[in-house]
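Have a look at the structure below before the remarks.
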Amino acid sequence: MSNKNEENTRKSSAYSPTDVEDRTYAKWMDRGFFHGDPKSDKPPYSIVIPPPNVTDVLHLGHALNNTIQDILIRKHRLEGYEAVWIPGSDHAGIATQVIVQKKLVEEGTTRRELGREKFLERTHDWANKNKETILGQLKKIGCSCDWDRTRFTLDEGLSNAVAQVFKHLYDKGWIYRGHRIVNWCPSCQTSLSDDEVEHKDFDSSLWYIKYKIKGSDDYLTVATTRPETMLGDTALAVAPKDARFKKYVGKTVILPILEREIPIIADSYVDPEFGTGVVKVTPAHDPNDFEIGRRHDLEEINILNTDGSLNENAGKFKGMDRYKARKQLVEELQKKGQLDKIEKYELSAGTCYRCHKVIEPYLSEQWFVKMNELAQPAIDAVKTGQIKFHPDYWSKTYLHWMENIRDWCISRQLWWGHRIPVWYAEDGTMFVSVDRPTAEACPGYDPETLVQDPDVLDTWFSSWLWPFSTMGWPDKTEELEKFYPTKVLSTASEIIFLWVARMVMAGYEFMGNLPFTDVYIHGTVRDANGIKMSKSLGNGINPLEIINKYGADSLRMSTVLATPDGQDPWISKNTFEIGRNFINKLHQVSRFVMMRLDGRTPEINNVNDSDLVLFDRWILSRLERTIQAVDKAFNEFKLSNASKLLYNFVWNDYCSWYIELIKPDQPGTPIRPGSIDVATYTLVQILKLLHPFVPFVTDNIYLELLALTENNKEETIQFSGWPKTDGKHIDNELEQSLEQIQAVVTAVRSARSELNVHPSKQSDLYIRVNDAAFGELLEKHKDYFRSLARVENLFVGTEIKRPPLSASAVISGAEIFIPLEGLIDIEVEKKRLEKELDNLKNQLIKLSKKLANADFLARAPQEVIDKEKTKKDDYQERIEKLNKNLEQILGW
RNA sequence: GGGCGGUUAGCUCAGCUGGUUAGAGCACCUGCCUUACACGCAGGGGGUCACAAGUUCGAAUCUUGUACCGCCCA
């Protein structure tokens with residue numbers, strides 16, 4: 001078998017995409033086809049790319065996401081919109097800085113040794129290199145981005161936008177600086193916003209620590225998941241109404257080990273049901289304790305250094321890592337008899353979304369954005385349907401977050417990013433300014449002595465401006481005028497909060513309008529076992545590897561076909577064979593059509609309705625139906641559906657039936673002119689419909705066809721117009737007629753195959769029809785379907801007699817006989833008919849029961865009852881005929 | 001603990017405004033290098049639609065509950 005395959009591959013004319021695709025893309029770029037012109041009269045259609053992080057090489061998730069966007073862009077470009085897709089990349093603050101820092105360590109240095117300026121130079125170099133690679137990869141996929149508009153979140157223009165926004169919000173009182181508990185990543189050594197924290201479950205313990213009450217031998221026992229934070233305790237708290245502890249409130253306990261004296265307080269935050277009913281209060285290391293601390297005016301003792309080690313407030317544990325300190329501290333408590341017990345406990349702890357290490361709640365000075373007022377218009381936009389999510393259920397997730405929104409911590413203790421536009425004088429006076437304040441802006445101070453805030457802003461503080469900052473905001477550009485708001489934002493669900501929601505808020509606040517009207521949320525790519533593809537697991541598939549092997553068109557088509565709308569696709573390497581096979585099919589059928597033009601000029605845009613036979617009208621009907629269905633799928637953002645509709649239309653209707661039907665009986669004879677015209681016209685429509693999905697192969701075939709016409713100035717399919725349909729070719733009756741013919745063909749094929757008749761053997765065919773009209777239909781078109789059923793002579797009529805030693809088949813409205821003297825095996829034929837008979841009898845029993853049910857007859861709509869009755873009659877008739885045929889066989 | 005998805009053929013998925021003999025691709029079996037395509041053609045086998053109860057003349061489709069898988073939030 002494998003030898004045979006190799007042989008076939010060798011002499012195969014299979015489509016080979018790799019050479020075609022690079023050449024084609026270069027031409028598209030050269031001609032500037034992707035440029036969106038703000039001066040154009042065409043209606044605008046714009047998308048901004050979710051900027052890939054400069055740390056990311058392209059993975060299948062990007063391939064999917066960007067294929068979706070390219071499909072939408074190309075579809076609308078075809079439709080006559082002025083389409084623009086703005087590309088770019090994100091500086092990815094923490095992620096990038098962490099990687100570059102690691103490299104420095106490998107080189108035996110650190111960022112602090114290098115200094116801020118040098119470090120930023122290094123990082124820019126590294127980012128630039130990656131940017132090139134990533135954008136190059138998008139080009140390989142075929143993305144039709146407007147590359148002249150490529151932006152980077154740390155661009156001068158975008159940086160200016162960021163500073164403007166900061167000042168705007170500060171002036172409005174919506175940005176403030178505060179001493180708050182934030183999420184601290186000791187590994188990345190920066191704060192994180194709540195949304196950058198991922199909760200994970202860990203097997204951990206609950207430690208029960210005994211605190212001795214001053215001036216008594218009593219102890220209060222406290223359960224904690226982080227015993228080392230005890231060192232920062234400044235109170236114990238109980239529920240105000242808890243009778244067990246009422247007598248202790250107001251007294252003090254001695255903090256074990258450090259021997260500090262701390263008060264016992266009552267606070268309604270404490271849940272008397274949880275643990276022992278007594279909690280330790282560590283205002284500097286727990287957000288709830290922080291609140292309690294503020295209410296009771298407690299001291300806030302920070303015990304951690306920025307790297308997660310303990311500081312001087314931790315006494316003898318100073319300098320020790322948090323986990324090492326925990327172990328020693330627990331041992332010591334045990335020795336002192338102050339550890340009551342240890343219980344197993346499943347702990348849900350926050351981890352850093354970049355390095356995945358456990359974060360620490362940490363008290364520090366940070367910048368925050370007040371979100372409540374920003375959120376309101378963004379909530380309304382989704383509630384009123386101005387912005388729609390696809391699938392719709394994501395709007396619930398979005399609204400839930402928005403309605404419970406919390407202030408956004410935007411400062412990061414990093415170097416890589418937009419520096420916070422705030423300057424301080426020595427006396428602590430603060431100036432918020434887009435650039436270093438001028439002398440007028442800081443009266444009484446020398447601007448040169450002002451020191452800028454050392455921190456940078458959250459990466460997302462630049463990303464949330466992306467839909468308009470990329471178009472030149474805050475300047476009033478013609479791009480903004482033409483292309484804002486954008487149409488669709490396509491992304492995975494992970495960044496609905498981090499990014500999508502914030503863009504909506506920024507859109508309303510700074511542009512006074514929504515940033516996009518539709519949010520398309522696609523699934524997350526998983527491997528063949530359903531595991532999320534990730535770098536660390538090494539189960540990812542490199543899109544470039546797939547492109548090299550199968551071509552970008554295959555990658556795109558396969559990915560879209562395999563991605564159920566709204567669900568996670570499971571993709572393995574052979575998923576891509578589907579696309580490859582399909583593209584080859586398209587290539588082959590195009591070759592066939594062009595070969596069979598026989599010098600005719602191909603029909604590109606119109607078809608002459610006056611010279612059509614049944615099959616021609618049928619494929620046109622199917623075509624229009626498909627166009628309508630595809631349009632509907634696009635309107636509903638069901639791209640996978642659209643791709644499947646096209647796949648089926650091309651493979652089944654067009655290739656398997658239509659092309660086979662128009663092939664002449666005799667090899668070498670030209671195809672009927674009317675039919676070859678319909679074949680080329682339909683092919684062109686197929687190419688247009690498929691172009692968004694498989695841009696390379698369709699553009700090339702289109703141009704090959706065009707080259708055969710006189711009107712061959714067009715250089716690409718991209719602006720050639722999206723197929724339109726007024727439905728005038730749609731004809732139900734016609735489609736039914738063809739289904740009848742297909743039923744005959746299938747019945748003959750099935751009988752022959754089951755009787756093991758060699759495909760090359762031709763045979764006669766006798767068809768006894770119930771009514772003359774069906775007979776006429778078959779008679780009239782017999783030349784067309786003869787070859788499909790390997791028929792030599794065809795006899796049709798209502799009075800046809802069964803020839804001796806013939807195989808038979810019964811379909812609705814007709815009996816089919818195939819004389820097979822010498823070939824027919826009576827036993828096999830008998831079994832065949834019996835099987836079919838069984839099948840029908842079972843169906844008939846079910847139907848009869850249904851029709852005997854008085855309730856059914858009384859309550860079901862008449863239409864349904866009639867349908868069932870007709871069906872019953874049909875089954876009964878076929879059973880009778882089958883019985884008769886079977887009897888005849890037994891007589892042979 | 002709360003919310004959202006999912007559970008249909010060996011695998012990945014359609015079908016879900018209730019009425020079809022429950023479909024497709026891959027895989028499998030049989031035959032075929034048939035005038036584009038073996039990355040192909042033709043034929044075939046394979047599913048009590050997770051489970052339970054309910055609504056209904058009728059449920060894969062609607063309701064409720066249960067189980068399991070996944071995601072998000074706390």
Side-chain angles (χ1 to χ4, degrees), chain A residues 1 4-9 11-16 194-195 198-199 348 391 393-394 396-397 400-401 404 493-494 496-497 523-524 526 528-532 550 554 558 561-572 574-596 640-641 644-645 647-648 651-652 655-656 659-660 663-669 671 745-746 748-760 762 787-790 839-840 842-844 846-847 850 853-861 863-865 867-868 871 875:
Chain A
M1 197 65 191
K4 204 170 161 185
N5 270 340
E6 277 167 32
E7 195 185 322
N8 279 316
T9 313
K11 64 178 180 188
S12 141
S13 57
Y15 178 62
S16 138
D194 293 338
D195 308 286
E198 290 175 351
H199 289 269
S348 170
Y393 52 74
W394 288 111
K396 288 183 210 162
T397 308
H400 182 260
W401 184 78
N404 296 284
S493 62
E494 287 110 52
I496 291 180
F497 308 141
T524 305
R526 298 172 178 277
N529 301 312
I531 313 291
K532 203 165 154 176
Y550 299 117
S554 299
S558 308
L561 278 168
T563 302
D565 294 300
Q567 274 172 253
D568 293 347
W570 293 27
I571 292 179
S572 65
N574 50 11
T575 301
F576 301 100
E577 287 176 8
I578 299 172
R580 178 200 56 184
N581 296 353
F582 177 70
I583 285 152
N584 183 242
K585 188 79 178 174
L586 182 66
H587 165 77
Q588 296 297 348
V589 78
S590 306
R591 237 169 31 105
F592 175 79
V593 169
M594 283 188 256
M595 257 161 40
R596 293 305 201 94
S640 186
N641 254 2
K644 276 175 197 158
L645 285 162
Y647 181 99
N648 288 332
W651 204 299
N652 300 327
C655 292
S656 292
I659 293 295
E660 294 304 325
K663 277 182 185 171
D665 251 5
Q666 296 303 315
T669 9
I671 291 173
V745 171
T746 305
V748 176
R749 282 171 172 174
S750 175
R752 288 174 50 112
S753 177
E754 283 178 39
L755 291 166
N756 277 318
V757 180
H758 196 275
S760 64
Q762 290 209 316
S787 68
L788 294 192
R790 304 267 136 190
N839 194 357
L840 281 172
N842 284 332
Q843 296 304 326
L844 184 63
K846 275 195 218 166
L847 255 185
K850 199 174 192 177
N853 183 345
D855 283 333
F856 174 69
L857 294 173
R859 302 189 192 222
E863 209 183 277
V864 173
I865 298 172
K867 207 173 136 198
E868 299 295 75
K871 228 190 300 179
Y875 288 167

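Chain naming here is simple, since letters A, B, ... match the order of the sequence lines and numbering starts at 1 in each. Only a predicted model underlies this, so the values are computations on that prediction, with no experimental measurement involved.
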ask   = Given atom CG of A:Leu847 and atom C1' of B:U21, what is their separation to the nearest angstrom?
value = 9 Å

inquiry  = Taking B:C13 as the reference, what is the distance to B:U7 when you measure between their C1' atoms (whole Å, please)?
reply    = 13 Å

remark   = Residues at least two apart in sequence or cross-chain that pass salt bridge (Lys or Arg N to Asp or Glu O under 4.0 Å) with A:Arg526, listed by chain then number, are A:Asp568

Between the protein and nucleotides 41-44 of chain B, are there any N/O to N/O pairs under 3.5 Å, and if so, what are the atom names and distances?
unit_1, atom_1, unit_2, atom_2, d
B:C41, OP1, A:Lys585, NZ, 2.7
B:C41, OP1, A:Trp651, NE1, 2.7
B:G43, O3', A:Ser750, OG, 3.4
B:G43, O2', A:Ser753, OG, 3.3
B:G44, OP1, A:Ser750, OG, 3.2

task = State which residues pass side chain to side chain contact (heavy atoms under 4.5 Å, CB included) with A:Ser787; sequence neighbours excluded, sorted by chain then number.
result = A:Asp665

task = Using the test side chain to side chain contact (heavy atoms under 4.5 Å, CB included), find all partners of A:Phe497 that sit at least two apart in sequence or belong to another chain.
result = A:Asp195, A:Thr397, A:Trp401

remark   = For A:Lys871, the side chain to side chain donor-acceptor pair (under 3.5 Å) test, sequence neighbours excluded, returns A:Glu868

query = What is the per-nucleotide protein-contact pattern of nucleotides 5-18 of chain B, from the 5' end, where B denotes a base atom under 4.0 Å from a protein heavy atom, S denotes such proximity for sugar-phosphate atoms only, and - denotes neither?
reply = S------SSS----

note = By side chain to side chain contact (heavy atoms under 4.5 Å, CB included), A:Ile578 pairs with (sequence neighbours left out) A:Leu561, A:Tyr647

Those residues that, when tested against A:Glu660, pass side chain to side chain donor-acceptor pair (under 3.5 Å) (two or more places apart) = A:Lys663

inquiry  = Can you give me the dot-bracket string for RNA chain B, 5' to 3', counting Watson-Crick and G-U wobble pairs with both distances under 3.5 Å, using [ ] for crossing pairs and | for partners on another strand?
reply    = ((((((((.[[[[.)...(...]]]].(((((.......))))).....[[[[[..)....]]]]]))))))).

inquiry  = I need a per-nucleotide contact map over nucleotides 54-63 of chain B, read 5' to 3'. Cutoff is protein heavy atoms under 4.0 Å; write B for the base, S for backbone only, - otherwise.
reply    = ---B------

Donor-acceptor list for residues 751-758 of chain A side chains, cut-off 3.5 Å, not counting sequence neighbours:
unit_1, atom_1, unit_2, atom_2, d
A:Arg752, NH1, A:Lys761, O, 3.0
A:Arg752, NH1, A:Ser763, OG, 3.0
A:Arg752, NH2, A:His758, O, 3.3
A:Arg752, NH2, A:Lys761, O, 2.6
A:Glu754, OE2, A:Ser750, OG, 3.3
A:His758, ND1, A:Ser760, N, 3.1
A:His758, ND1, A:Ser760, OG, 2.8

ask   = What pairs with A:Tyr393 under side chain to side chain contact (heavy atoms under 4.5 Å, CB included), at least two apart in sequence or on another chain?
value = A:Pro391

